[in-house]
Amino acid sequence: MIDFELGDELELVRKTARDFASDHLRPSLREHELARTPSAQARAAFSEIGFATLEWPESLGGSGLGSLARCLVSEELAAGDPGSALALDPLGLALYPLIELGGESALRDFGVPLLDDDAARAVLAWTGRGSRVHLEREGDTISGRIPWVPADRADLLVLLDEEGAIVVKDGIEASPLRGSGLRAAGASEIELNGAAVCAGWKNVQAAARALARARLAVASMLVGVMSESAEYSRAYALDRVAFGRPIAHHQALAFLIADMATAVDGARLLGWEAAWSLDSGLDAQESCATAFLEAVEEALFVTPNGVQILGGHGFMQDHPVEKHMREARTLGLMLGGVDPAREEAGREIAGSGDRVALTREAS
């Protein structure tokens, strides 16, 4: 028998995140977009609950709950507002290179100080395949430009590529940009002019794990966004009456709504499987890449159709589906986008095919 039950502890974590999104994110999503930052009340509640240290080791005051718990929380918070979810977490995706490459000492040196400032932000910039980052390192300094990061400030900058990661704290100049998606997180261009490198690590395997965990976090946010879009447009279609019955009862829309729900569930289960693999200590780089790829592609199916179900209303800010579409497209561009993820996921399929062929030959 296949058991999809999460267990009492994870269900409580999921419900806590869902309640937080309902209380602090959904009611203020337009205000947070306009201000380019979540409210002080949301920040205080987020800190009090302890979402920021959900995956931190217990030795540093964290919960140590693992990747599946992070998937559940990220999905629920992103369903409320993914931009706010990014802005509320001071370390965010930068956690993964620090813990995978630098270990607890790096997290203690660079992560713990950020917890003392509610508005502090660490930024992870992917500089490997698929990125548009142009950097030059000379000794212990680095210069260059990062065209876009989802933040208006960067107190800590972690640069990750296929070989390792480096950390920069000083000499970071952020120039605000007008963002399309993730507006509540802010948006800026980063300039580094001879910025000092304060730490660095080289480890190909650890860098791959860090990227995998970051991809999974973004994938779970995409699931949250498309889930909210699918549910909102379904509820609208049940209320909107045309030709004497709700538009959801017309066959074409009924089939589309069913396909959208199926897409959400499929992407969610792939993410849960990848998270389980990470928590079990298995090699999960390809499964995380697959989860990210599937979440991006399904979100680009679900969220535009959420707009289409509402018709002209879908493009108005009276309804959040236009926001869901913007957020999905922006999240899909993070960490190099889908092309590197597709290559990595494809390597697993090719490798599996080779193993099957060898097994057949041996038999």
Side-chain angles (χ1 to χ4, degrees), residues 1-19 21-22 26 66-82 85 212-213 215-238 248-249 251-280 284 286-310 320-321 323-325 327-329 331-332 338 341-342 345 348-349:
M1 180 186 297
I2 299 176
D3 184 5
F4 292 102
E5 293 293 329
L6 292 170
D8 293 341
E9 184 178 35
L10 288 177
E11 284 290 1
L12 179 59
V13 169
R14 192 182 194 184
K15 182 181 184 302
T16 302
R18 183 175 296 160
D19 291 344
S22 296
R26 283 190 189 87
S67 296
L68 182 53
R70 170 53 62 189
C71 275
L72 299 174
V73 169
S74 294
E75 178 182 336
E76 296 297 339
L77 297 185
D81 183 4
R213 293 178 67 178
R215 277 175 171 159
L216 182 59
V218 176
S220 60
M221 294 181 72
L222 279 160
V223 171
V225 171
M226 68 172 122
S227 175
E228 189 77 358
S229 178
E231 177 56 30
Y232 190 95
S233 57
R234 184 191 70 85
Y236 178 90
L238 287 170
H249 294 182
Q251 189 178 71
L253 274 187
F255 285 177
L256 176 59
I257 291 168
D259 287 344
M260 291 165 67
T262 302
V264 172
D265 286 343
R268 177 183 291 121
L269 290 176
L270 274 177
W272 286 10
E273 181 184 19
W276 174 84
S277 297
L278 284 171
D279 290 341
S280 302
E286 291 84 2
S287 59
C288 289
T290 300
F292 174 77
L293 174 61
E294 183 71 9
V296 172
E297 293 188 340
E298 297 297 1
L300 295 182
F301 163 71
V302 171
T303 57
N305 278 308
V307 173
Q308 290 299 320
I309 289 173
L310 270 69
V321 288
K323 183 178 186 296
H324 300 149
M325 184 170 64
E327 311 290 38
R329 291 187 177 276
L331 286 167
V338 297
R342 183 176 286 111
E348 181 183 32
I349 296 172

Test log, rule side chain to side chain contact (heavy atoms under 4.5 Å, CB included), inputs Asp81 and Lys323: CA-CA 9 Å; Asp81 183 4; Lys323 183 178 186 296; 2.7 Å; yes
Audit row: Phe301, Leu256, side chain to side chain contact (heavy atoms under 4.5 Å, CB included) steps and yes/no: CA-CA 10 Å; Phe301 163 71; Leu256 176 59; 3.9 Å; yes
For Asp279, check side chain to side chain donor-acceptor pair (under 3.5 Å) against everything at least two apart and list the hits. none
Listing request: all side chain to side chain donor-acceptor pair (under 3.5 Å) pairs with a residue in residues 252-268, at least two apart in sequence or in separate chains. Glu75-Arg268, Asp265-Arg268
Got a sec, which residues hit side chain to side chain donor-acceptor pair (under 3.5 Å) with Glu298, two or more places apart in sequence or on another chain? none
Taking only residues two or more places apart in sequence, or in another chain, which ones meet Ala284 in a side-chain contact (heavy atoms from CB on, under 4.5 Å)? Ser277, Leu278, Ser287, Cys288
Only counting residues at least two apart or in another chain, list the ones meeting salt bridge (charged side-chain N to carboxylate O under 4.0 Å, His left out) with Arg342. Glu297, Asp339
Taking the side chain as C-beta and beyond, is there a heavy-atom pair between Ile257 and Ser233 under 4.5 Å? no
Partners passing side chain to side chain donor-acceptor pair (under 3.5 Å) against Glu231 (at least two apart in sequence or in another chain): Arg234
Residue list, salt bridge (charged side-chain N to carboxylate O under 4.0 Å, His left out) with Glu273, at least two apart or on another chain: none
Show which side-chain atoms of residues 66-74 pair as donor or acceptor with protein atoms under 3.5 Å away, not counting sequence neighbours.
from  : atom 1 : to    : atom 2 : distance (Å)
Arg70 : NE     : Glu55 : OE1    : 3.3
Arg70 : NH2    : Phe51 : O      : 2.8
Ser74 : OG     : Arg70 : O      : 3.0

Enumerate the residue pairs fulfilling salt bridge (Lys or Arg N to Asp or Glu O under 4.0 Å) with a member in residues 215-230, sequence neighbours excluded, ordered by first and then second residue. Arg26-Glu228, Arg215-Glu344
